[in-house]
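See structure below.
Quantities reported herein were computed from a predicted structural model and do not represent experimental measurements.
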Amino acid sequence: MVPVFEAGVWETAEARPLVMVVNDDAAMRDALQFVLRLEGLDVHVHADGAALLSSRDLPRTKCLILKDRLPGMDAFEVLEQLRARALSPPAILLTSVASPALCGKAQAAGIWKVLEKPILDNRLVEAVADALADHHAAKPT
């Protein structure tokens with residue numbers, strides 16, 4: 001059954017997709033969590049890649065939002081660790097400078113979308129919604 005989202009509410013609490021946010025800036029984590037929860041998503045936040053990788057909810061993650069530069073390991077190293085565990089939810093990379101080199105590296109790493117900060121308008125919410133729809137469509141029924 002495909003989860004249905006209408007008027008800001010998922011049809012069941014279990015249908016709410018889990019989005020994991022990894023950002024070392026507490027204010028940014030809180031802001032992203034607030035915005036995504038307003039959209040009816042289940043959101044867990046982490047300050048670094050190690051915290052994400054130790055989350056027991058990691059296998060049910062439907063989308064990742066990662067800051068490119070993180071303490072300990074960067075977003076690309078986090079994704080490598082996930083892939084080693086056979087986990088590959090769509091990932092959205094947040095960066096201050098979306099240079100051609102970074103975008104190329106992101107594409108090679110399988111990152112779904114790169115968003116340059118500041119994230120204006122509704123770009124993040126739209127990117128998450130598109131990633132969730134695309135990820136669900138790619139799964140066999």
Side-chain angles (χ1 to χ4, degrees), residues 1-70 72-141:
M1 180 170 133
V2 176
V4 177
F5 181 74
E6 284 188 32
V9 178
W10 292 91
E11 63 189 20
T12 65
E14 297 81 31
R16 290 185 326 193
L18 174 60
V19 176
M20 295 276 200
V21 174
V22 185
N23 197 307
D24 58 338
D25 180 325
M28 182 60 84
R29 281 194 311 271
D30 291 346
L32 294 172
Q33 184 176 44
F34 178 76
V35 166
L36 294 170
R37 282 190 173 166
L38 283 177
E39 295 299 316
L41 298 166
D42 187 7
V43 183
H44 295 190
V45 296
H46 304 281
D48 57 36
L52 170 76
L53 293 169
S54 68
S55 171
R56 64 187 169 109
D57 291 320
L58 196 53
R60 69 179 193 92
T61 302
K62 301 300 181 204
C63 184
L64 289 173
I65 299 171
L66 300 155
K67 181 179 171 190
D68 59 342
R69 297 180 188 157
L70 294 164
M73 65 179 86
D74 68 18
F76 299 101
E77 292 168 311
V78 171
L79 290 173
E80 256 182 53
Q81 294 279 331
L82 289 173
R83 302 241 160 64
R85 298 179 188 187
L87 298 171
S88 58
I92 297 169
L93 185 70
L94 304 181
T95 184
S96 296
V97 180
S99 69
L102 179 73
C103 291
K105 185 176 180 180
Q107 184 178 15
I111 290 177
W112 195 85
K113 183 119 179 145
V114 176
L115 293 177
E116 191 171 47
K117 299 182 281 185
I119 304 166
L120 304 174
D121 303 321
N122 216 20
R123 291 181 338 160
L124 178 67
V125 171
E126 290 169 358
V128 170
D130 290 346
L132 291 171
D134 188 58
H135 184 65
H136 185 75
K139 296 285 184 187
T141 56

Report yes or no: does [X] contribute a side-chain atom to a donor-acceptor pair with the main-chain N or O of [Y] at less than 3.5 Å?
X     : Y     : value
Arg37 : Val43 : yes
Gln81 : Val78 : no
Thr95 : Ala98 : no
Arg69 : Ser96 : no
Asp48 : Ala50 : yes

Using 0.5 Å steps for rounding, measure from the [atom1] atom of [X] to the [atom2] atom of [Y].
X      : Y      : atom1 : atom2 : answer
His46  : Leu66  : NE2   : CG    : 10.5 Å
Met28  : Lys67  : CE    : NZ    : 8.5 Å
Gln107 : Leu93  : CD    : CG    : 13.0 Å
Ile65  : Arg29  : CD1   : CZ    : 13.5 Å
Met20  : Leu52  : CE    : CG    : 6.0 Å
Glu116 : Cys103 : CD    : SG    : 8.0 Å

Between [X] and [Y], what is the shortest heavy-atom contact and its length?
X      : Y     : result
Ala109 : Phe76 : CB-CD2, 3.7 Å
Ala51  : Ser54 : O-OG, 3.0 Å
Leu132 : Cys63 : CD2-CB, 4.0 Å
Ala131 : Pro90 : O-CG, 3.7 Å
Gly49  : Val22 : N-CG1, 3.9 Å

Problem - Arg60 vs Asp42, salt bridge (Lys or Arg N to Asp or Glu O under 4.0 Å): CA-CA, chis, key distance, verdict - result: CA-CA 11 Å; Arg60 69 179 193 92; Asp42 187 7; 2.9 Å; yes
Can you find a pair of side-chain heavy atoms, one from [X] and one from [Y], that are under 4.5 Å apart?
X      : Y      : answer
Ser88  : Arg83  : yes
Trp112 : Val128 : no
Val97  : Leu102 : no
Leu53  : Arg85  : yes
Leu18  : Asp57  : yes
Val21  : Gln33  : no
Leu94  : Leu32  : yes

Fill in the blank from the handout: From the list Leu82, Ile92, Val19, side chain to side chain contact (heavy atoms under 4.5 Å, CB included) with Leu64 holds only for Leu82
